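Scroll down for the structure; my scribbles are underneath it.
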Amino acid sequence: SELSQQGQHFESLVKLAEQGTQHSLADALMGAQSAWGLGLVDKARELWDEALSHKEFQDIERSRAMLGRAILELQEGQFET
């Protein structure tokens, strides 16, 4: 979302929460980045997993999202197999 891109991570997550539990691919990715930016690691992981579950999410963009999630795991020392 524009809010996330402008660094308004909290506002972005509030807007995302108001949308319910199912999000578009773009909203899930932006939400994951906002959550990570605020140090909300569990929420970031949840949103990245949601984004990665979208069937149309493929190729280089999927690889970038997986890399971002892997960096989060590395920084937090919480590796998933």
Side-chain angles (χ1 to χ4, degrees):
S1 80
E2 259 185 57
L3 293 172
S4 183
Q5 291 174 341
Q6 295 172 355
Q8 297 176 339
H9 300 299
F10 180 77
E11 293 82 355
S12 177
L13 287 177
V14 168
K15 184 177 178 184
L16 192 66
E18 291 172 351
Q19 294 175 354
T21 57
Q22 294 296 319
H23 308 103
S24 71
L25 174 57
D27 285 345
L29 287 171
M30 287 294 173
Q33 292 172 356
S34 287
W36 188 13
L38 291 171
L40 303 172
V41 176
D42 291 336
K43 186 66 177 174
R45 185 177 288 121
E46 173 188 322
L47 288 165
W48 254 308
D49 287 346
E50 180 183 336
L52 292 167
S53 73
H54 283 260
K55 290 183 169 99
E56 73 275 6
F57 192 31
Q58 299 179 9
D59 302 322
I60 191 73
E61 293 303 319
R62 182 179 182 84
S63 297
R64 286 182 180 136
M66 290 179 74
L67 178 60
R69 192 180 188 296
I71 292 170
L72 176 136
E73 289 181 3
L74 179 64
Q75 286 180 336
E76 297 301 315
Q78 297 177 358
F79 305 103
E80 291 185 9
T81 55

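Note that the coordinates shown come from a computational prediction; the quantities given were computed from them, not determined experimentally.
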Flag yes if [X] and [Y] sit in one hydrophobic cluster, no otherwise; membership is Ile, Leu, Val, Met, Phe, Trp, Tyr, and two members link when side-chain heavy atoms are under 4.5 Å apart.
X     : Y     : value
Met30 : Leu38 : no
Leu16 : Leu72 : no
Phe57 : Leu67 : yes
Leu74 : Trp36 : no

Mind listing the closest non-hydrogen atom pair of [X] and [Y] along with its distance?
X     : Y     : answer
Leu25 : Ala51 : CD1-O, 3.5 Å
Glu50 : His23 : OE2-N, 2.9 Å
Gly31 : Leu13 : O-CD2, 3.5 Å

Ion pair check, Glu18 and Lys15, cut-off under 4.0 Å: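 No.
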Any side-chain heavy-atom pair of Leu40 and Leu47 under 4.5 Å: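 SC-SC contact between Leu40 and Leu47 ruled out.
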Whether Arg62 side chain and Leu52 backbone form a donor-acceptor pair below 3.5 Å: yes
Heavy-atom donor-acceptor pair, Ser12 side chain to Gln8 backbone, under 3.5 Å: no
Spatial distance of atom OG (Ser24) from atom NE2 (His54) [nearest 0.5 Å]: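 Taking OG in Ser24 and NE2 in His54, the distance rounds to 6.5 Å.
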Over 12 non-hydrogen atoms of neighbours within 6.0 angstrom of CZ in Phe10: no
Test log, rule side-chain contact (heavy atoms from CB on, under 4.5 Å), inputs Trp48 and Glu73: CA-CA 12 Å; Trp48 254 308; Glu73 289 181 3; over 6 Å; no
